[in-house]
Amino acid sequence: MLYSLHEFSYYSAAPYRLGAQLARSFWSSPFNPAAETAIGRTAYAAAEVFEGLTRRYGKPAWNLDVVTIDNLPVRTTQQTIWTSPWCRLIRFARDLGDLKRAGKPADGPAVLIVAPLSGHYATLLRGTVEGFLQDHDVYVTDWVNARQVPMLEGRFDFFDYIDHIREMLTAIGPRVHVVGVCQPGPPVLAACALMAEDKDPHRPLSMTYMGSPIDARLSPTVTNRLAEARPFAWFKSNMIHTVPLPYPGAGRRVYPGFVQLYSFMSMNEDRHRDAQHEYFENLIAGDGDEVQKHEEFYDEYLSVLDLTEEFYLQTIDIVFQNHLLARNELEHRGRKVDLTRITDIGLMTVEGEKDDISGVGQTQAAHGLCPNVPEDRRELYVHPEVGHYGVFNGRRFRDDIYPRVRDFIARNEAAGDVSRRAAA
């Protein structure tokens, strides 16, 4: 019912949204002599804010057709390497001629960036991908909105996620480095453990976890406390809704993206309200730079996707309530996930001192859970003055965090070469 009410409210606002669009065009027209008056600028700003707040935000574009590497433009091409009904594995292939002009090798280490499946599209990691493209052959998981997947495609749960990670690593080939950003930490770590135990030739050379709830019992945040305070049945009764027509996934039970969005926004209500007020004032003042920054952030932030019921509820159960991986009690399809079997995969953890989603300690817990990773193939880093999104996006990521991850990957790439020569 909630999902249908949400859709009804969106379509009910259509006439008002159209009116706001017409008003915006009228008050911004160069042929309107009153456009640059105080009244005109205020009317335009009000129409712009209203239209933005009631608009439907679709999946954003990556906008990475050209990236800057060493101050030179390098073209990229998106290639779909592997697909399932639930995910596309995308490679950002860099133009070889442009790389040569930039003085970069064409065969940089392959990196699989596992984007979070927690309400936002993978494009939330645009800055992360752009950073890794400086030195690496980059692949990223592009998760599909559950409301777009027909019921005939069946279920997608936490264990399917683990299988997807294994299949994507296999599709890329050996010598891959995997980077899990936020939510993927536990299932990616589980996939790596299973591949290590199997001596799978496609197991990664290294794994990096950034702001991930490996052990959500440590430094609990508001999100963690909410997950523990409510009984499991409450989440099933209150957070799961049915996709309505005309979506392809009509009838599927999901955790709607708009519910996740409202939850996140309520955690920082004052900040978002102040941001809208500043946006309104900047529109009136004609401050194009600040307006553009606001629009770029909220165009991404307000674009959300749905999660399947089974994946969401299992994540609550496995990661945030029973902490099965952290307690060494996780089983995957009847098989125990044994993190001690990881012996030749490097491990790096990155945390932000001010992370209010995954508190300090939750990610670095992976080091204690993986005791057999060689000491010279580990790194633990906590960046001061950085919140959750700053761990993988923004200036501090570009200037401080990414160089550390790059160097860690390079060390493990070299260690992998030594191991292979010794085995030969």
Side-chain angles (χ1 to χ4, degrees), residues 1-12 14 55-62 78-91 112-125 139-172 183-184 187-188 191 232 235-263 299-300 302-319 332-333:
M1 179 63 73
L2 178 64
Y3 212 131
S4 297
L5 288 174
H6 179 266
E7 293 296 300
F8 176 77
S9 65
Y10 169 75
Y11 288 110
S12 296
R55 180 196 318 163
R56 171 146 300 164
Y57 291 81
K59 181 181 178 181
W62 280 99
Q78 289 186 40
Q79 301 173 347
T80 300
I81 304 301
W82 178 92
T83 62
S84 83
W86 305 99
C87 186
R88 289 193 312 145
L89 176 60
I90 296 175
R91 179 193 182 202
L112 169 60
I113 300 176
V114 184
L117 181 56
S118 56
H120 284 95
Y121 289 96
T123 51
L124 188 69
L125 302 188
Y139 301 76
V140 64
T141 60
D142 191 15
W143 301 104
V144 176
N145 192 334
R147 74 184 183 194
Q148 301 295 336
V149 183
M151 291 283 288
L152 292 175
E153 298 293 350
R155 293 161 48 90
F156 180 82
D157 62 17
F158 188 88
F159 304 103
D160 293 319
Y161 193 111
I162 293 174
D163 292 337
H164 270 54
I165 299 303
R166 291 197 65 164
E167 291 178 31
M168 285 187 276
L169 285 169
T170 300
I172 298 171
Q183 168 272 321
V188 171
F232 183 77
F235 289 94
K236 187 170 184 178
S237 300
N238 294 276
M239 308 302 276
I240 303 300
H241 304 278
T242 303
V243 177
L245 290 170
Y247 295 109
R252 184 178 294 282
R253 298 282 285 170
V254 299
Y255 174 56
F258 64 82
V259 174
Q260 173 80 314
L261 178 63
Y262 296 157
S263 299
D299 283 354
E300 192 74 52
L302 297 176
S303 301
V304 292
L305 53 74
D306 300 345
L307 283 60
T308 65
E309 173 187 30
E310 55 273 14
F311 175 78
Y312 171 75
L313 291 178
Q314 286 178 345
T315 300
I316 292 293
D317 174 46
I318 293 170
V319 177
H332 177 263
R333 309 199 187 285

Might you work through the side-chain contact (heavy atoms from CB on, under 4.5 Å) test for T308 and D157, ending with a clear yes or no?
-> CA-CA 7 Å; T308 65; D157 62 17; 5.9 Å; no
List the steps and the verdict of ring-ring contact (aromatic ring centres under 6.0 Å, His included) for Y3 and F258.
-> CA-CA 9 Å; Y3 212 131; F258 64 82; 5.3 Å; yes
Run the side-chain contact (heavy atoms from CB on, under 4.5 Å) check on Y57 and V304 step by step: do they pass?
-> CA-CA 8 Å; Y57 291 81; V304 292; over 6 Å; no
Full working for side-chain contact (heavy atoms from CB on, under 4.5 Å) between M168 and I81 | CA-CA 9 Å; M168 285 187 276; I81 304 301; over 6 Å; no
Step by step, work out the side-chain contact (heavy atoms from CB on, under 4.5 Å) result for Y139 and I113.
-> CA-CA 6 Å; Y139 301 76; I113 300 176; over 6 Å; no
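Scanning both residues, E300 and P60, for their nearest heavy atoms gives OE2-CG, 3.4 Å. The two atoms that bring L307 and G119 nearest to each other are CD1-N, 3.5 Å, heavy atoms only. Pairing each heavy atom of A115 with each of P184, the nearest pair is O-CG, 3.4 Å. Taking every heavy atom of both residues into account, V149 and E153 meet most closely at CG1-CB, 3.6 Å. A pairwise comparison of heavy atoms in G249 and V243 identifies O-CB, 3.5 Å as the closest pair. The two residues R252 and P150 make their nearest non-hydrogen contact at NH2-O, 2.7 Å.
Checked by atom type and distance alone, the side chain of Q183 pairs as donor or acceptor with a backbone atom of L117 at under 3.5 Å. Side-chain N or O atoms of D306 include none that pairs as donor or acceptor with a backbone N or O of N145 at under 3.5 Å.
The CD atom of Q260 sits 7.0 Å away from atom OH of Y312, with the distance rounded to the nearest 0.5 Å. With rounding to the nearest 0.5 Å, the separation of OG1 in T242 from CG in L2 is 10.5 Å. Summarising the geometry, atom OG1 belonging to T83 is positioned 11.5 Å from atom CG belonging to D142; distances are rounded to the nearest 0.5 Å. Rounding to the nearest 0.5 Å places OG1 of T80 at 8.5 Å from CG of L89. Taking OG1 from T315 and CD from E310, the interatomic distance works out to 10.5 Å, rounded to the nearest 0.5 Å. Remark: E167 CD to S84 OG distance equals 8.0 Å, nearest 0.5 Å.
Just one residue in the list W86, W82, F158 forms a ring pair (Phe, Tyr, Trp, His ring centres under 6.0 Å) with H164, and that residue is W82.
In this structure, R147 and V254 have side chains that are not in contact, with every pair of non-hydrogen atoms separated by 4.5 Å or more. Counting heavy atoms from C-beta outward, K236 and E309 have side chains that approach closer than 4.5 Å. The side-chain heavy atoms of L112 and T141, taken from C-beta on, include a pair separated by under 4.5 Å.
The aromatic rings of Y161 and F156 sit tilted relative to each other, their planes meeting at an angle between 30° and 60°.
The pair R333-D160 counts as a salt bridge, with a side-chain nitrogen and a carboxylate oxygen less than 4.0 angstrom apart.
The environment of F8 atom CZ is sparse: at most 12 non-hydrogen atoms of other residues, nucleotides or ligands sit within 6.0 angstrom.
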